[in-house]
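Hydrogens, waters and symmetry mates are skipped; everything else that's a heavy atom, side chains included, is used.
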Amino acid sequence: HKSVMYDLASEKVKTSPYIQYSHELRFSDLITTLGEPPFFIKPDNLAGAEGSMKLSNEADFQLWKEYYSKYYSGSIIQ
């Protein structure tokens with residue numbers, strides 16, 4: 001998983017912070033934890049770009065939640 005890699009790497013080098021996606025997550029949580037958008041959401045356990053999306057605003061986040069979260073619920077947001 002990417003999250004495990006980031007956690008291990010962060011012991012040695014500076015890594016980008018991330019949030020594990022959950023259905024309860026709100027766009028305001030992203031801003032509080034990660035700062036201002038854009039954000040990038042990606043599956044935690046897949047290689048490549050399938051299921052990834054740039055989140056420029058709350059509408060993008062809601063779109064991803066509505067249409068993609070059922071397929072890629074194990075995702076991280078940076």
Side-chain angles (χ1 to χ4, degrees):
H1 290 3
K2 293 175 186 80
S3 58
V4 173
M5 178 190 68
Y6 291 131
D7 290 343
L8 291 172
S10 70
E11 296 173 7
K12 302 288 183 187
V13 297
K14 184 172 171 41
T15 59
S16 298
Y18 70 89
I19 296 177
Q20 196 76 37
Y21 174 78
S22 75
H23 294 294
E24 294 79 29
L25 194 64
R26 297 170 303 172
F27 191 74
S28 61
D29 298 329
L30 302 180
I31 294 171
T32 299
T33 304
L34 302 174
E36 291 298 314
F39 307 113
F40 190 67
I41 190 164
K42 55 191 169 185
D44 194 18
N45 60 349
L46 297 175
E50 182 181 350
S52 299
M53 183 174 171
K54 180 180 176 182
L55 305 175
S56 296
N57 52 48
E58 188 165 1
D60 289 345
F61 182 63
Q62 294 304 326
L63 175 74
W64 193 91
K65 281 181 90 167
E66 186 174 339
Y67 293 104
Y68 298 102
S69 66
K70 58 186 159 236
Y71 305 110
Y72 303 108
S73 60
S75 295
I76 60 173
I77 305 169
Q78 294 182 299

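For the pair F39 and I77, the tightest heavy-atom approach, listed with the atom from each and the gap, is CB-CG2, 3.8 Å. Minimum heavy-atom separation, S75 to P43: OG-CA, 3.5 Å.
Among residue pairs with one or both ends in residues 27-36, those qualifying as side chain to side chain donor-acceptor pair (under 3.5 Å) are R26-D29; sequence neighbours excluded.
In this structure, CZ on F40 lies 9.5 Å from CD1 on I76, to the nearest 0.5 angstrom.
Checked by atom type and distance alone, the side chain of K42 never pairs as donor or acceptor with a backbone atom of Q78 at under 3.5 Å.
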Under 3.5 Å, side-chain donor or acceptor atoms of residues 53-62 against the rest of the protein: list the pairs with distances, not counting sequence neighbours.
residue: N57; atom: OD1; partner: A59; partner atom: N; Å: 3.1
residue: N57; atom: OD1; partner: D60; partner atom: N; Å: 2.9
residue: D60; atom: OD2; partner: S56; partner atom: N; Å: 2.8

